[in-house]
Visitor: 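This is the structure I have questions about; it appears just below.
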Amino acid sequence: MREMLSMIVVLTVLTAVSGGLLAAVEQTTRPQIEEQVLKFQKAPAIKEIFTDITNDPIQERFDVTADETTLQVFPGVLGSGQKAVAFEAKGTGFGGPVGLMVGINLDTDEIIAVRVTTHSETPGIGSRAKEDLSFVSQFASKSMSAKFGLKKGGGDIDAMSGATVTSAAVSQAAIAAQELYKKLKPEIVKHIAN
């Protein structure tokens, strides 16, 4: 009986120490990971979305919060002087989350462009959502009130051949972006006006 109690105590101490170490490592590496994601995934997508801007969206980024929803927003001033924003929304694909950076013209409420930022989809099949721009170009110039679902479900978007689940994930991310934009636009506009 004593041996069993001593094993329980030892295992409890070991798991508590291991858990504490893992939490400390996670807290320490979180800022570096966020910086790497910004530099290597979000920033290239923003540069592809905003081709004619007069400011630096990465440096001017800000967070907005409404109803317990926080969103990192990258503001842009288009060459025409119109204001725009980009932000990331997520959908669920075959291999996990699919991140979609969505650029929106604040004056017209139209999508400028979208780019897939992160995914764990099958190479050569679902990964085409990031590599082949013909799929994501379907979202460009659409109003934020458009139907971003796939055509087989009554939406406006054609699925990629052989990658229906990934196509649905990108559409799901666009729908999530649509909802976030409708919910947070007043806060975004207020922040940009200041």
Visitor: Starting from Met160, can I reach Phe94 by hopping between I/L/V/M/F/W/Y residues whose side chains sit under 4.5 Å apart?
Guide: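 No, Phe94 and Met160 fall in different hydrophobic clusters.
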Visitor: Could you go step by step and tell me if Gln41 and Thr118 meet the side chain to side chain donor-acceptor pair (under 3.5 Å) rule?
Guide: CA-CA 7 Å; Gln41 294 173 345; Thr118 57; 5.2 Å; no
Visitor: Is Ile111 close to Gln178 at the side-chain level, that is, under 4.5 Å between some pair of heavy atoms?
Guide: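 No, their side chains stay 4.5 Å or more apart.
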Visitor: To the nearest 0.5 angstrom, please state how far the CD1 atom of Ile104 sits from the CD1 atom of Ile188.
Guide: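 With rounding to 0.5 Å, CD1 (Ile104) is 7.5 Å from CD1 (Ile188).
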Visitor: Indicate if Ile112 and Val73 have the same hydrophobic cluster label, given that clusters are the connected sets of ILVMFWY residues with side-chain heavy-atom separations under 4.5 angstrom.
Guide: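 No: no chain of side-chain contacts under 4.5 Å links Ile112 to Val73.
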Visitor: Closest approach of Asp158 and Gln138, non-hydrogen atoms and distance?
Guide: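 Here Asp158 and Gln138 meet closest at N-OE1, 2.7 Å.
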Visitor: Of all the heavy-atom pairs spanning Ile125 and Ala163, show the shortest one and how long it is.
Guide: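 For Ile125 and Ala163, the tightest heavy-atom pair comes out as O-CB, 3.8 Å.
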Visitor: Main chain of Ser161, side chain of Arg128: is a donor-acceptor contact present, judged purely on distance under 3.5 Å?
Guide: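 At least one qualifying donor-acceptor pair exists.
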Visitor: Taking the six-membered ring for Trp, are Phe139 and Phe148 parallel (under 30°), tilted (30 to 60°) or perpendicular (over 60°)?
Guide: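 Plane angle between 30° and 60°, so tilted.
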Visitor: Does Asp156 pair with Lys147 as a salt bridge, N-O distance under 4.0 Å?
Guide: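 Between Lys147 and Asp156 there is no salt bridge, as every charged N stays at least 4.0 Å from the carboxylate O atoms.
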Visitor: Hey, does Thr92 have a side-chain heavy atom less than 4.5 Å from the side chain of Gln172?
Guide: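 They are in contact (side-chain heavy atoms under 4.5 Å apart), so the answer is yes.
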Visitor: How far apart are the closest heavy atoms of Glu48 and Thr51, and which atoms are they?
Guide: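 Of all heavy-atom pairs spanning Glu48 and Thr51, the closest is O-CG2, 3.5 Å.
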Visitor: Let me confirm one number: the NZ-CG distance from Lys182 to Leu180, rounded to the nearest 0.5 Å.
Guide: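 Answer rounded to 0.5 Å: 11.5 Å.
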Visitor: Please report the closest heavy-atom contact between Ser134 and Ser137, naming both atoms and the distance.
Guide: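 Answer, listing the atom of Ser134 first, then Ser137: O-OG, 2.9 Å.
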Visitor: Could you state the interatomic distance from OG1 (Thr69) to CG (Leu71), rounded to the nearest 0.5 Å?
Guide: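 It is 8.5 Å, given to the nearest 0.5 Å.
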Visitor: Answer with yes or no whether the hydrophobic clustering places Val85 together with Met101; edges join I, L, V, M, F, W, Y residues whose side-chain heavy atoms lie under 4.5 Å apart.
Guide: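 Val85 does not cluster with Met101.
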Visitor: I'd like to know if Ile175 and Tyr181 are part of one continuous hydrophobic network [Ile/Leu/Val/Met/Phe/Trp/Tyr, side-chain heavy atoms within less than 4.5 Å].
Guide: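 Yes, one cluster joins them.
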Visitor: Please step through side chain to side chain contact (heavy atoms under 4.5 Å, CB included) for the pair Ile8 and Glu3, ending with a clear verdict.
Guide: CA-CA 9 Å; Ile8 290 172; Glu3 289 177 19; over 6 Å; no
Visitor: With a 4.0 Å cut-off, would you call Glu179 and Lys183 a salt bridge?
Guide: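 A salt bridge is absent here (no side-chain N lies under 4.0 Å from a carboxylate O).
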Visitor: May I ask whether Leu100 and Leu150 are part of the same hydrophobic cluster, defined by side-chain heavy atoms of I, L, V, M, F, W, Y residues being less than 4.5 angstrom apart, directly or through others?
Guide: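 Yes, same cluster.
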Visitor: Report yes if the side chains of Val136 and Arg115 come closer than 4.5 Å at any heavy-atom pair, otherwise no.
Guide: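 Yes, at least one pair of side-chain atoms sits under 4.5 Å.
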Visitor: Quick one: closest heavy-atom pair of Ala173 and Ala89, and the distance?
Guide: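 For Ala173 versus Ala89, the nearest heavy atoms are O-CB, 3.3 Å.
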Visitor: Apply salt bridge (charged side-chain N to carboxylate O under 4.0 Å, His left out) to the pair Glu26 and Arg30, showing each step before the final yes or no.
Guide: CA-CA 6 Å; Glu26 194 272 335; Arg30 181 183 296 163; 2.8 Å; yes
Visitor: Is the closest basic N to carboxylate O distance between Glu88 and Lys42 below 4.0 Å?
Guide: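 Here Glu88 pairs with Lys42 in a salt bridge, since their nearest N and O are under 4.0 Å apart.
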Visitor: For a quick test of reading the model, state the closest non-hydrogen atom pair linking Thr117 to Ala45 and the distance between them.
Guide: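 Taking Thr117 first and Ala45 second, the nearest heavy atoms are CG2-CB, 3.8 Å.
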Visitor: CD1 of Ile53 to CD of Gln82: how many Å apart, nearest 0.5 Å?
Guide: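 Answer rounded to 0.5 Å: 14.0 Å.
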Visitor: Using a 3.5 Å distance criterion without hydrogens, assess whether the side chain of Glu121 forms a donor-acceptor pair with backbone atoms of Lys130.
Guide: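 No, because the side chain of Glu121 does not come within donor-acceptor range (under 3.5 Å) of the backbone of Lys130.
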Visitor: Nearest 0.5 angstrom please: Thr65 OG1 to His191 NE2, how far?
Guide: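 One finds 10.0 Å between OG1 of Thr65 and NE2 of His191.
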Visitor: If you measure from CD on Glu110 to CE on Met144, what distance do you get to the nearest 0.5 Å?
Guide: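 Reported to 0.5 Å precision, the distance equals 11.0 Å.
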Visitor: Can you list the residues that meet the ring pair (Phe, Tyr, Trp, His ring centres under 6.0 Å) rule with Phe87, with sequence neighbours excluded?
Guide: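 For Phe87, no residue satisfies ring pair (Phe, Tyr, Trp, His ring centres under 6.0 Å) once neighbours in sequence are set aside.
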Visitor: Could you tell me if the side chain of Asn105 sits less than 4.5 Å from the side chain of Leu78, heavy atoms only?
Guide: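 SC-SC contact between Leu78 and Asn105 confirmed.
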Visitor: Val98 and Lys90: side chain to side chain contact (heavy atoms under 4.5 Å, CB included), yes or no, with the steps?
Guide: CA-CA 5 Å; Val98 174; Lys90 301 238 185 227; over 6 Å; no
Visitor: Flag yes if more than 12 heavy atoms outside Lys83 fall under 6.0 Å of its NZ atom; otherwise flag no.
Guide: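 Counting neighbours around NZ of Lys83, 12 or fewer heavy atoms of other residues, nucleotides or ligands fall under 6.0 Å, so no.
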Visitor: Taking only residues two or more places apart in sequence or in another chain, which ones pass ring pair (Phe, Tyr, Trp, His ring centres under 6.0 Å) with Phe74?
Guide: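 Counting only residues at least two positions away or on another chain, Phe74 forms no ring pair (Phe, Tyr, Trp, His ring centres under 6.0 Å).
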